[in-house]
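Whatever order the structure lists them in is the order used to number ligands and atoms, beginning at 1. None of these values were measured; they are calculated from a predicted model.
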Amino acid sequence: MYKPQLVIDLCKLEDNARVEKEELAQHGVEVMAVNKVFDGCVETAKAVFDGGINVIAESRVYNLKKIRDIGCTTCLLRSPCLSEIPEVVRYADISLNSEEKVILALAEEAKRQQKTHAILLMVDMGDLREGVWFEKEDEICRLITLIDQTPSLTLYGLGTNYNCYGTVMPTVKNSEDFVALAKRVQEKTGVKIERLSAGNCTSYHLIDKGVWNPGLNHLRIGGLHEFGIEYVDMKYLDQYHHSQKPVDKAVSDMYVLRAEIIELSAKPTVPVGELGVDAFLQKKEFEDRGTRKRALLAFGRQDVPVENCTPCDDQVSVLGQTSDHTIVDIEDCGHQYALGDYIEFELDYTGLLAACQTNGVEKVFVSKK
Ligand SMILES: *Cc1c(COP(=O)(O)O)cnc(C)c1O
């Protein structure tokens, strides 16, 4: 049965993971690989694991259940729901936490399952998503002491996150503040904090610029090895595999969406008749470019939005999209496309996320023989 294909290059992903691990290690930084964009895909988790990153993180517990059989240590990135504590303890070795009630429930359950659960205690340094607010230092100390004194728990480290809800950038200043806070907490509690987990792939720009704070020794990263892009300045990095496309669209040729041509014809560029709105209630304007050759493709907005795709063939241009169709202009193409051929697109992070989430796209893997 036909589905558009998402071709994932596992060799490049594995290479990138290896490069990332080694590069960060040179700065004293241990990395946890985030697999959430692939939505629990076992093959991508395995590629990154084979690249040498042992801890794999997902946002959802059901995805950890899928990937843990590859032999990795698992981490739950989104703080646990009170309603899923038994599954969290069963499938996650580590979880990110900020609520005392949840931490106590994890402790109880870990005891019941005769396990030790590791807690990465999150501090909110200003981005306003998860974490104990940075000014509540007494509460941070209290939770650190609680975790330290609970036999079924261990303290994995103290973490923070940037560039999500609040779009707060990781900077030299907030790195210093986080290191200083951790130092004070360590002195007040007498508990050694093994890891200072400083953020996601956007923190890498500080390493790239040579201003990394040596007090920070841990990152949770997806985007860097997945795209080979430094996301603050949108810079393609030489040492990683990534797209050859211009930087203004942060796509990667490691992820190619292939969709079949279901109609090939020459049609006018302006619709004929009185114009209303489309299925998404949008009014549209059309430039009259005469009659041009175009292809109708068997994928649509409900699979992957076209804003998040870039045609691999530079001479193909996107005309538009409806729920189940994408229309491309192929008038200027050197390549002669035929009915039944594929047209290929590179994807950005959002496009990759959409393609991995939908049941309407089939994953195909490029791997070493
Ligand atoms: C998603 C996420 C990350 C990793 O983000 P990338 O942009 O893929 O590097 C790290 N930490 C937390 C808490 C996250 O939710």
Side-chain angles (χ1 to χ4, degrees), residues 13 16-17 19-21 23-24 29-41 44-45 47-48 51 53 55-61 63-64 67 73-81 88 92 94-99 102 118-132 156-170 174 178 195-208 216-235 237 240 242 250-252 254-255 308 347-354 356-357:
L13 190 60
N16 276 2
V19 168
E20 176 182 287
K21 183 182 168 163
E23 189 187 1
L24 296 189
V29 177
E30 177 190 349
V31 63
M32 173 190 283
V34 175
N35 195 52
K36 70 185 176 196
V37 72
F38 300 114
D39 195 25
C41 176
T44 55
V48 167
I53 304 180
V55 185
I56 313 275
E58 289 274 359
S59 326
R60 289 136 203 262
V61 185
N63 282 337
L64 291 178
I67 65 163
T73 298
T74 57
C75 176
L76 181 64
L77 272 184
R78 189 176 63 191
S79 309
C81 303
V88 173
I94 309 157
S95 62
L96 276 56
N97 284 278
S98 57
E99 286 283 357
V102 173
I119 305 277
L120 180 56
L121 186 69
M122 295 302 282
V123 176
D124 185 345
M125 295 300 292
D127 196 59
L128 299 181
R129 202 178 67 182
E130 74 275 55
V132 181
Y156 193 73
L158 196 65
T160 192
N161 200 44
Y162 297 110
N163 239 307
C164 281
Y165 174 73
T167 69
V168 173
M169 300 235 300
N174 55 27
F178 184 49
R195 294 178 187 83
L196 280 191
S197 188
N200 54 45
C201 67
T202 59
S203 294
Y204 175 79
H205 87 108
L206 298 172
I207 292 182
D208 192 54
L216 303 169
N217 64 359
H218 188 271
L219 285 171
R220 311 170 304 274
I221 290 190
L224 178 59
H225 58 261
E226 285 156 0
F227 284 84
I229 292 171
E230 185 279 274
Y231 269 98
V232 170
D233 299 311
M234 283 295 171
K235 179 171 137 191
L237 299 160
Y240 293 86
H242 49 62
V251 290
S252 176
M254 293 159 68
Y255 317 104
N308 307 108
L347 302 179
D348 69 6
Y349 187 92
T350 309
L352 179 60
L353 183 73
C356 289
Q357 290 285 334

query: In order of chain and number, which residues sit within 4.0 Å of ligand 1 by heavy atom?
result: Val34, Lys36, Leu77, Leu96, Arg129, Glu130, Asn161, Asn200, Cys201, Arg220, Ile221, Gly222, Gly223
message: Keeping Asn200 on the side-chain end and Tyr162 on the backbone end, is there a donor-acceptor pair under 3.5 Å?
response: yes
task: Under the side-chain contact (heavy atoms from CB on, under 4.5 Å) rule, collect the residues that match up with Val88, sequence neighbours excluded.
output: Val61, Leu76, Pro80, Glu84, Ala92, Ser95, Leu106, His117
- request: Mind checking side-chain contact (heavy atoms from CB on, under 4.5 Å) for Ala45 and listing every partner two or more places apart, or none if nothing turns up?
  value: Asn35, Ile56, Ile67, Ile70
statement: Separation between CG (Leu13) and CE (Met254), nearest 0.5 Å, reads 4.5 Å
task: Step by step, work out the side-chain contact (heavy atoms from CB on, under 4.5 Å) result for Asn161 and Glu130.
output: CA-CA 8 Å; Asn161 200 44; Glu130 74 275 55; 4.2 Å; yes
- request: With sequence neighbours excluded, tell me which residues meet ring-ring contact (aromatic ring centres under 6.0 Å, His included) with His218.
  value: Tyr156
